[in-house]
Every structure is written in structure tokens, then in C-alpha cells.
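Chain identifiers are assigned alphabetically (A, B, ...) following the order of the sequence lines, protein sequences preceding nucleic acid strands; residue numbering begins at 1 within each chain. The analysis underlying the following values was restricted to heavy atoms, covering all of them including side chains, and did not include hydrogens, waters or symmetry mates.
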Amino acid sequence: MAEKQSNEPLIDSDKLIFGIGQVQTITGVSGRQLRYWEEQGYIAPIDQQKGTQRQYSMHMLFLIFHIQRYLKQGFTLQSAVERARQFDRQIPVLRTFLKNQFNGVEVEDDKSVIDFGYKDDTHQQRVYGVVENDRTHFLIKDIDETSK
DNA sequence: TTTCTGACA
DNA sequence: TGTCAGAA
């Protein structure tokens, strides 16, 4: 099996730009709301000159999407923004962790196993994430020095 | 056609 | 927040 699949050529998310029309279609947030949120300092388009058409990064699109999700759940705009921002701060952390720990996943019909690499620098145990249907759990295996 | 700003039955 | 106007 292939050991390393250095996944570098991912899409530059910074190059994915959306106009206010696309943002409305994707997130369901009206242009009027987007301009109001911007006026309140909650969101910001990509730096552009005044009077020109707004452009939003994919990152901002996600933020807008989450603000709207919390809004639908009944939160006020202010608290929805707070929660969206908190969530936003967690993404880079998860990304870094997965980037360093993810070592591939074996997909099977009834059960799939995610390889999270060694438990620590001692390299004596390996951690796996097991996915069965909708249930998940961790699995730690001891590494026997004799094989491989 | 779409978006921008400002205003308000 | 929606919607309408007048301009770009």
C-alpha cells in the first residue's frame, strides 16, 4: 500500500471569489443583510474601492453561512456572529491537527478505519479512528517491532 | 442584468 | 429587513 500521499496541490481557497449574488444564492442571506452586517462590522468583503461591487472570499462565505445558521437557530445577530467567529477560530486548529496526524483511511463496506498515526514520539502505539455506520470510536494498537 | 447607496408605507 | 428609486 502507498504510505505517503503528500497532499499539497489543493485548491487555493483564497482564489475562490464570490460576488454578492453568489453569496445570496449559496447562503440564503439577502444582499440587504450582507450590507447591513458589513456596516455593523460583522463581515467584510475583500478590500475593494468604494462604490465597486463587493467580492467575498470563501473564508468569508463560510463565516456568513455560519452566522446565518446560528441566526436560524434563534440567536440574535450579535451572538450569532460571536459563535460563528468562535467556530471560525477552531478550523485552523483542526486543519493543523489533521494535516499532521492523518495518515489515510481504509474504506470498507461495513467499517472504515482512519489512521491517525503514532500516539506519541515513542512510536509504540498507533491510533485509529473507527467508523461504523454513524457510530465512531478510537482504537489504539501496540506496534510489534518484529513485523515490518 | 446585477449591484450600489440611501431612504422609508 | 424588505423594497423602491436613480445611477453605474
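Remark: C/dG6 base-pairs with B/dC4; criterion is Watson-Crick or G-U wobble with both hydrogen-bond distances under 3.5 Å.
Residue A/Phe18 contributes atom CZ, which lies 18 Å from atom P of B/dT2 at whole-angstrom precision. Taking atom CD1 of residue A/Ile67 and atom P of nucleotide C/dT1, one finds them 11 Å apart after rounding to whole Å. Across the protein-nucleic acid pair, A/Tyr36 atom OH and B/dC8 atom P stand 18 Å apart, rounded to whole Å. Here C/dT1 presents its C1' atom at 16 Å from CD of A/Glu38, a figure rounded to the nearest Å. When rounded to the nearest whole Å, the span between OH of A/Tyr56 and C1' of B/dT2 equals 13 Å. Separating the CD atom of A/Gln24 from the P atom of C/dG2 is a distance of 10 Å, rounded to the nearest angstrom. Rounded to whole angstrom, the span from the NZ atom of A/Lys72 across to the P atom of C/dT1 amounts to 13 Å. Here the C1' atom of nucleotide C/dC4 and the CZ atom of A/Arg32 are 12 Å apart, to the nearest Å.
With DNA chain C read from its 5' end, the first of the two nearest nucleotides for A/Gly31 and A/Gln53 is the one closest to A/Gly31.
The phosphate of B/dT3 (OP1 or OP2) has no side-chain N or O of A/Arg54 nearer than 4.0 angstrom. Look at A/Ser30 and you'll find a side-chain N or O under 4.0 angstrom from OP1 or OP2 of C/dG2.
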Working note: A/Leu34 + A/Tyr56, criterion side chain to side chain contact (heavy atoms under 4.5 Å, CB included); need CA distance, chi angles, decisive distance, verdict.
CA-CA 11 Å; A/Leu34 292 170; A/Tyr56 300 89; 4.0 Å; yes
Side chain to side chain contact (heavy atoms under 4.5 Å, CB included) assessment of A/Val81 paired with A/Trp37
CA-CA 10 Å; A/Val81 170; A/Trp37 295 0; over 6 Å; no
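Only one option out of A/Leu98, A/Asn100, A/Asn103 pairs with A/Phe116 in a side chain to side chain contact (heavy atoms under 4.5 Å, CB included); it is A/Leu98.
Within 4.0 Å of A/Leu34, counting heavy atoms only, lies no atom of the nucleic acid at all.
Counting heavy-atom neighbours within 6.0 Å of A/Gln78 CD, excluding the residue itself, gives a total of 12 or less.
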